[in-house]
Each structure stands twice: as structure tokens, then as C-alpha cells.
Amino acid sequence: MLFKQQALLRQKLFVLGSLAIGSVLYLVARVGTLDRLQPICPIESRLPPPEPEQIPLRTLQFKRGLLHELRKGNATKEQIRLHNLVQQLPRAIIIGVRKGGTRALLEMLNLHPAVVKASQEIHFFDNDQNYARGIDWYREKMPFSFPHQITIEKSPAYFITEEVPERIFKMNSSIKLLIIVREPTTRAVSDYTQVLEGKERKNKTYHKFEKLAVDSGTCEVNTKYKAVRTSIYTKHLERWLKYFPVEQFHIVDGDRLITDPLPELQLVERFLNLPSRISQYNLYFNATRGFYCLRFNIVFNKCLAGSKGRIHPEVDPLVATKLQKFFHPFNQKFYQITGRTFNWP
Ligand code: A3P
């Protein structure tokens with residue numbers, strides 16, 4: 001009896017052992033098969049192919065890495081060659097308008113991985129001395145970039161300077177031109193405030209805005225005052241239109257760029273034929289500054305300098321209304337030409 005039970009137990013153990021060994025052998029064989037399958041169907045090939053025009057994130061990191069070194073003049077020629085970096089003439093220029101938000105626009109566009117900004121205002125086309133230095137001088141002022149990136153520069157004086165449209169046309173007749181505008185009276189006051197601050201820094205006195213903007217003899221708007229003339233956008237634009245078709249311009253709403261920048265930037269991305277890459281993540285409102293600031297990544301963010309967003313002096317409401325009435329017909333014409341309408345008074 002005892003012998004029979006022992007034999008049964010041995011039989012059970014044998015069956016269980018065989019099952020266990022069988023399972024182990026199956027698993028080994030399976031893993032072996034999986035291993036062998038690997039080269040036939042690598043993981044990467046199962047992922048969807050990358051979008052052809054997608055700009056690698058590496059490019060953005062690059063912009064914050066080596067390009068910074070390049071700007072400081074620390075990168076070697078070898079590094080430049082290895083990374084296939086080039087100094088390209090701008091394919092788009094922010095031509096104005098002064099105090100429209102040109103710096104904010106440039107900095108915000110630079111958030112796009114395919115855009116590289118020329119940090120300084122180059123003043124190549126509006127300054128005769130610079131212009132005489134030639135196009136190679138201009139190119140050398142440009143930042144290093146990858147060939148697929150586009151360089152953008154901003155010099156707001158271009159918009160109002162007589163010779164500039166023809167000079168830019170001679171460089172590149174198909175260049176894209178960006179104009180950022182604000183409500184003309186506000187822009188004129190902003191322009192005045194910048195000059196006033198400069199005078200105060202030098203301990204100089206300056207006239208009140210009202211005195212400059214209105215001719216005391218005729219009581220009419222003083223069109224000789226530069227801050228007023230600059231705000232007659234249509235007059236300047238008409239000169240540009242002698243060289244470039246209206247489709248080559250994009251008008252940016254500078255007032256909206258202050259309060260809600262993303263939709264304005266998305267319109268520019270479209271105008272420049274760039275994939276939409278700037279997102280709400282890149283822009284955050286800074287209550288202390290009272291403006292949107294820029295977020296490049298977790299570690300790097302920045303606000304514009306304190307000189308952007310000055311407090312304007314109070315302007316006599318009668319003078320403000322006089323100016324608004326003066327600008328009104330010019331604004332209508334500007335809307336008509338550009339196809340972009342604003343709620344300006
Ligand atoms: P104010 O100083 O009158 O407020 P520009 O760069 O062409 O000189 O324009 C300056 C204007 O940019 C400022 O005018 C400010 O209102 C505007 N601006 C737009 N977005 C800004 C931002 N994010 N930070 C600071 N200023 C901004």
C-alpha cells in the first residue's frame with residue numbers, strides 16, 4: 001500500500017517536473033524567436049515616419065546653446081563648419097513701425113525653432129554710410145543659422161526712410177515685410193515718451209506733447225512733428241507699394257500683441273509659411289511687468305527690457321481727440337489698402 005502511494009507521488013512529481021521543464025523550454029524558445037524577429041521588425045519602423053518639414057527640438061536647444069557662444073564670438077570656425085552654420089540674408093524684415101512693438105514681435109518670433117533673429121537693429125538700408133559698406137557687410141552682421149532656418153531683422157526706421165524700399169527691393173524683390181502698428185495717437189505718445197526719457201536722462205527739459213503735436217499758430221495738428229508723421233501709416237506704405245505688391249506685407253496688430261500675443265504670432269507663422277510652433281506655453285503674463293514674457297523652456301524665460309512698456313504722460317483729451325480725428329481718414333485708407341481693419345477711433 002505504502003509502496004503504491006510512493007509510486008503515485010513519484011508519477012505526479014514526474015508530470016509536474018516535466019510540465020515545469022516544458023514551460024521553461026517554451027519560454028526560452030519564444031524569447032529566442034522574439035530576438036530573432038527583432039531585426040526584421042525593429043521598433044522604430046513601427047513608429048510613424050517623422051513629418052518631413054518637422055523641425056527637430058534639437059534645433060531649439062541648439063539656439064540656446066552653441067548659437068549663444070557664436071554670438072559671444074566663442075565658437076571656432078571648425079565648430080561653425082561642422083554644424084553647417086551659415087550667415088544668411090534676412091528672408092523677412094520687420095520694417096516698422098517705431099514704438100509699434102517691433103522688439104516684442106522680433107523676440108516672440110524668435111521662439112520659433114525655424115527663426116533666428118538679428119539681435120541688434122542693423123540700420124543697413126536707412127543709413128547711407130552702412131549701405132555704402134555693401135551687402136557682404138550686411139550679411140556678416142547676421143546671426144549664424146542652419147540653412148533651413150530663416151533670419152529676421154528689425155529696424156523700424158526703414159518704414160519711414162525714403163530710400164529704403166528701393167534698396168531692399170534691389171537685395172531681394174520677394175522678401176517678406178512685416179509692419180506692426182498701434183492705434184496712431186497712442187503710438188505718437190509712446191514715441192514722444194521715449195524721446196522725453198532720453199532728454200530727462202541728460203537733464204534736459206523738453207516741450208509738452210500737446211505743444212509739439214498741435215501748431216500753436218493755426219491750432220491744427222502739426223504734421224511737421226515726426227511723431228505725428230510716423231503715425232500716418234498709409235503715407236509711408238504708399239511709397240513701399242511702388243516697389244512691392246501688397247501681398248508681400250503682413251500687418252501685425254501691435255495693440256493685440258500686448259494683450260493677446262499668440263493669435264498675432266500664429267498669423268505671422270502662416271504668412272512666413274512656417275509650421276505652427278509657437279504655443280501658449282511659450283508666453284506667460286507677468287503681472288509685475290504688466291506684459292507677456294517669453295518662455296523658451298523649463299529653465300530659460302525672459303521679459304523685455306524695462307524700456308519697453310513705459311508709463312505715458314497724460315495727454316489733454318482735447319488734443320488726443322484732435323489727433324484721432326486727424327488720423328481717421330488716413331486710417332481708413334490704410335485699412336482699405338491692407339485689408340486689415342482696426343477699431344481705431
Ligand atoms: P510703450 O513703451 O509705449 O508701452 P518698440 O519695440 O517698437 O519700440 O515698441 C515698444 C512697445 O512695445 C511698448 O510701448 C510696449 O507697449 C509694446 N510691447 C508689446 N508687447 C510687449 C511686451 N511683451 N513687453 C513689453 N512691451 C511690449
Side-chain angles (χ1 to χ4, degrees), residues 92-112 115 117-123 126 152-161 164 177-201 206 209 212-213 226-231 233 236-237 249-268 278-296 300-315 320 323-324 327 342 344:
I93 305 184
I94 302 170
I95 56 173
V97 180
R98 175 183 152 93
K99 306 321 293 172
T102 52
R103 174 56 61 184
L105 179 61
L106 182 74
E107 298 292 335
M108 287 175 181
L109 288 178
N110 192 56
L111 287 162
H112 196 292
V115 171
K117 63 165 184 178
S119 293
Q120 306 297 321
E121 290 181 11
I122 318 257
H123 289 283
D126 62 308
I152 300 190
E153 84 124 324
K154 77 115 179 164
S155 294
Y158 290 167
F159 186 58
I160 57 160
T161 310
V164 174
L177 302 163
L178 292 158
I179 307 173
I180 179 164
V181 290
R182 278 163 91 187
E183 190 279 306
T185 304
T186 312
R187 196 220 64 82
V189 177
S190 173
D191 200 329
Y192 166 83
T193 311
Q194 172 158 318
V195 178
L196 175 71
E197 195 184 282
K199 300 271 181 198
E200 284 175 349
R201 226 180 299 124
Y206 195 43
F209 176 76
L212 296 165
K226 197 174 166 194
V228 166
R229 273 208 322 274
T230 303
S231 283
Y233 305 139
H236 304 286
L237 183 61
F249 296 85
H250 176 76
I251 309 298
V252 179
D253 182 345
D255 294 310
R256 188 154 80 136
L257 196 83
I258 296 174
T259 56
D260 187 16
L262 187 60
E264 281 305 314
L265 297 170
Q266 287 171 334
L267 289 174
V268 179
I278 304 172
S279 71
Q280 205 59 68
Y281 171 82
N282 298 125
L283 302 156
Y284 66 96
F285 188 75
N286 182 315
T288 318
R289 285 286 281 114
F291 284 98
Y292 275 88
C293 297
L294 289 69
R295 183 187 287 122
F296 285 83
F300 187 78
N301 50 44
K302 71 166 185 183
C303 296
L304 262 58
S307 60
K308 303 293 173 187
R310 298 185 177 98
I311 296 167
H312 297 180
E314 259 186 51
V315 172
L323 281 166
Q324 287 164 358
F327 289 125
F342 300 99
W344 298 337

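We count ligands from 1, going down the list as the structure has it; atoms in each ligand are counted the same way.
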Selection residues 182-195 - residue pairs positive for salt bridge (charged side-chain N to carboxylate O under 4.0 Å, His left out), sequence neighbours left out: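 Checked against salt bridge (charged side-chain N to carboxylate O under 4.0 Å, His left out) - neighbours excluded - the pairs reaching residues 182-195 are R98-D191, R182-D255, R187-D191.
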With sequence neighbours excluded, what pairs up with E197 under the side chain to side chain donor-acceptor pair (under 3.5 Å) test? R310
Spell out, as yes or no, whether a donor-acceptor pair under 3.5 Å connects the side chain of N110 to the backbone of K117. yes
Quick one: are the ring centres of Y192 and Y206 less than 6.0 Å apart?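 Under 6.0 Å, so yes.
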Could you pull out all residues at least two apart from K99 that satisfy salt bridge (charged side-chain N to carboxylate O under 4.0 Å, His left out)? none
Distance dump, ligand 1 polar atoms to protein, N/O, under 3.5 Å:
residue, atom, partner, partner atom, Å
ligand 1, 2 (O), G309, N, 2.9
ligand 1, 2 (O), R310, N, 2.9
ligand 1, 3 (O), R182, NH1, 3.4
ligand 1, 3 (O), S190, OG, 2.6
ligand 1, 3 (O), H312, NE2, 2.6
ligand 1, 6 (O), T102, N, 3.4
ligand 1, 6 (O), T102, OG1, 3.4
ligand 1, 6 (O), R103, N, 3.0
ligand 1, 6 (O), K308, NZ, 3.1
ligand 1, 7 (O), K99, N, 3.1
ligand 1, 7 (O), G100, N, 3.4
ligand 1, 7 (O), G101, N, 3.1
ligand 1, 7 (O), T102, N, 2.8
ligand 1, 7 (O), T102, OG1, 2.6
ligand 1, 8 (O), K99, NZ, 2.9
ligand 1, 8 (O), K308, NZ, 2.9
ligand 1, 9 (O), G101, N, 3.1
ligand 1, 14 (O), R182, NH1, 3.1
ligand 1, 23 (N), Y292, O, 2.9

Take atom CD in E314; do more than 12 heavy atoms of anything else shown fall under 6.0 Å from it? no
